[in-house]
K.L.:
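Structure provided below as structure tokens; questions to follow.
Numbers here simply count residues along the sequence, with the first being 1. Fair warning: this is a prediction, and the values are worked out from it, not measured in the lab.
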Amino acid sequence: MTAQLLIGPMLRRVTGDRATIWLETSEPAEVLIEAEGGATGSAPTFSAYGHHYAMIVVTGLVPDSSQAYTVTLDGRSVWPAAGSTYPPSVIRTRATDDRDQPVSLTFGSCREGTPQSSGRRLPPDALDAFARRLMAGTHDRPDLLVLLGDQVYADETSAKVKRYLKKRRRNGHDGPDDQVVAFEEYTKLYLESWRDPEVRWLFSTVPSVMIFDDHELIDDWNTSASWRADIARNSWWRKRIADGLASYWIYQHLGNLSPDELAADPLFQKVSSSGDATELLHEFGLRVDEPGSAENTDQPYQWSFALDVGRTRLVVLDNRCNRVLTPGARAMLPASEWDWFLDRAHGDYDHLVVGSSLPWLMPPAIHHLEAWNERIAESRHARTAAFGEQIRRAFDLEHWAAFGKSFAALGELFRRLGEGNPDAPSRRVGAGGAYAAPASISVLSGDVHHSYVAKADFGQALATPVMQLTCSPIHNQVPAPMRPLMRFSWSRAVARVARGLSKSAGVAKPALRWKRVAGPYFGNAVGTLQLEGRSATARIEGTSKDGDLFDVAEVKY
């Protein structure tokens, strides 16, 4: 049969004169990418679970240019689509020496794929609005789109997917009637979400990186050791987690890797050369579903990744899969991955950007509530611990504050980086590895279905501003009754009460304070971080009823 282009092309990484492009086809095929100026890349599709994918490395790109490209399958042109009225898909490269070029990162999280995804009418999709604005040519394209979790919802499915699932359940496939379990079911989520015409064009022409949050698998994924024990009692769970992680690896994680990282990744080399990688990926999915270790031992797989764009370093952290859930030793990252992060956080750059699907700095009242909850959920008294676990799950108390040691360690890292070495130039000096303080430290986050900007205060003058930039949702919404409560959680008076509660449980006072400098905003939104020289500008843009973007907040630092 003739191969069709199902999803993509998705432009993922652009590194120097090379770029990676991911796509899914209906049948096995030889894929060829040709760009203006003579750059090309080709690869055969690889197969898994009856589906066909390709990751193509395009080489020979012209520096500091925008080069339109085409896609052919077995010699037949499939992109741009016949009759398309959209602008050409291009690969934009930076200058060979791009140290003086500004860097623009657009970010956000939590996007239900269709207007009536789970039976609700949602405000206009901010990613659609952003794509339409780029199509109009009135704004510059960002260097990178950073998607911070819940790119698809495995546990909150559309009416169309629910009908499909009910039919499969009647035919003997185990699992909930309204939630996905098998790889085939996960593919329907991506097909529904990523074939949205405007978003499909956006992904074809703006590089993107992604990290999961919980809804790619299930709400509250890896909240605690107790949660893992309870979910494992479901007959369908092992298949759901194995197939979910396998599908995430194919659809999202592969594109986070640079061409060199792809060449060095042993799993990709095995999968791409296998006739059928189904069993290989199923075993992989089972193997990597292990909580992190508090010890410095090898972990099954690292989902966190890092990259540089100009003089900006982006480090995106896995806040879900590799958590350490051992009571008394809970951590957002296992020891080996934390060491990796420390290494990437030190280096020759001007701006440090940390991608964390879960906000590091939450509304203070919620922070203290989560810190209190972590303490009582680990009580020696069984009834107290059970009560704490019940509260944890009921109110989703699972952010950095609920991993208190990690929250404190991240703050201490930022404080030390912000102090810097006033005598050091903007690059490493001496055997001691000293660096100048970064011009800025920004934590990009989502998850909480409202957007805000907060600034950390370490009680001392730092050379570096440390900012929490939260943008969520791209396409979802907070129930109206919850909004006053979420605003209330920023109140100093409520924070004092919550701090008193955590203090009564023996929780130490945080080593830093933070204050909200913009927001909260509850509509659909996208955020943009513009970095130029030693300055940074964060902007949150919401969607109007007509589906246009408008400024919600702008903060310069």
Side-chain angles (χ1 to χ4, degrees), residues 10-22 55-59 61 63-64 91-109 141-149 151 203 205-212 248-249 252-265 268 301-319 333 337-357 413 417 426-428 435 438-446 469 527-532 536:
M10 295 181 67
L11 177 62
R12 298 303 306 269
R13 292 287 301 277
V14 179
T15 306
D17 65 349
R18 295 179 295 170
T20 59
I21 293 178
W22 178 97
M55 176 63 80
I56 301 95
V57 177
V58 179
T59 62
L61 294 164
D64 199 18
I91 305 172
R92 192 181 69 166
T93 56
R94 294 174 63 87
T96 303
D97 183 356
D98 61 352
R99 288 175 295 180
D100 295 329
Q101 279 187 265
V103 172
S104 178
L105 308 176
T106 294
F107 65 97
S109 81
R141 300 182 185 190
D143 290 288
L144 194 63
L145 185 62
V146 184
L147 299 177
L148 295 161
Q151 277 71 257
F203 284 160
T205 199
V206 176
S208 60
V209 292
M210 310 173 185
I211 193 71
F212 44 43
Y248 171 79
W249 184 85
Q252 296 194 45
H253 180 71
L254 264 185
N256 296 331
L257 305 180
S258 70
D260 288 342
E261 290 166 335
L262 283 171
D265 188 277
F268 177 67
Y301 197 78
Q302 180 174 300
W303 302 104
S304 301
F305 58 92
L307 59 100
D308 288 348
V309 183
R311 294 287 301 164
T312 295
R313 175 156 299 172
L314 172 66
V315 185
V316 180
L317 301 178
D318 161 21
N319 288 174
L333 296 173
E337 195 161 343
W338 179 259
D339 289 342
W340 170 88
F341 173 43
L342 289 179
D343 184 62
R344 299 307 183 276
H346 293 80
D348 181 18
Y349 58 80
D350 288 335
H351 300 273
L352 175 63
V353 181
V354 176
S356 169
S357 64
L413 170 63
L417 290 172
S426 61
R427 57 184 64 248
R428 184 184 299 209
Y435 296 89
S440 72
I441 297 174
S442 306
V443 181
L444 310 184
S445 303
L469 312 179
T528 297
L529 177 60
Q530 185 81 17
L531 304 162
E532 186 167 7

K.L.:
Any chance the side chains of Ser258 and Thr15 put a donor and an acceptor closer than 3.5 Å?
P.N.:
no
K.L.:
Side-chain contact test, heavy atoms from C-beta onward, threshold under 4.5 Å: evaluate it for Val316 versus Ser304 and give yes or no.
P.N.:
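Side-chain contact under 4.5 Å: no.
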K.L.:
Find out whether Gln302 and Asp318 are in side-chain contact, i.e. whether some heavy atom of one side chain is under 4.5 Å from a heavy atom of the other.
P.N.:
no
K.L.:
Are the side chains of Asp143 and Thr106 in touch, meaning some heavy atoms are under 4.5 Å apart?
P.N.:
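No. Closest side-chain heavy atoms not under 4.5 Å.
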K.L.:
Is any side-chain heavy atom of Arg92 closer than 4.5 Å to a side-chain heavy atom of Val14?
P.N.:
no
K.L.:
If we ignore hydrogens and angles and just use 3.5 Å, is the side chain of Asn256 paired with the main-chain N or O of Met210 as donor and acceptor?
P.N.:
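Answer holds: yes.
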K.L.:
Going by the rule ring-ring contact (aromatic ring centres under 6.0 Å, His included), which residues pair with Phe212 if we only count those two or more places apart in sequence or in a different chain?
P.N.:
Trp221, Tyr248, Trp303
K.L.:
Answer yes when Arg99 and Asp350 have at least one side-chain N-carboxylate O distance shorter than 4.0 Å, and no when they do not.
P.N.:
no
K.L.:
Please list, chain by chain and in numerical order, all residues satisfying side chain to side chain donor-acceptor pair (under 3.5 Å) with Asp100, sequence neighbours excluded.
P.N.:
none
K.L.:
Tell me if the centroids of the rings in His253 and Phe268 come within less than 6.0 Å of each other.
P.N.:
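Between His253 and Phe268, the centre distance exceeds or equals 6.0 Å.
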K.L.:
Looking at Gln252, is its backbone amide N or carbonyl O close enough to the side chain of Arg12 to form a donor-acceptor pair, meaning the two atoms are under 3.5 Å apart?
P.N.:
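At least one qualifying donor-acceptor pair exists.
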K.L.:
Is there side-chain contact between Leu144 and Leu307, with at least one heavy-atom pair below 4.5 Å?
P.N.:
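They are in side-chain contact.
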K.L.:
Using the side-chain contact (heavy atoms from CB on, under 4.5 Å) criterion, which residues pair with Ser109? Sequence neighbours excluded.
P.N.:
Leu148, Ser472
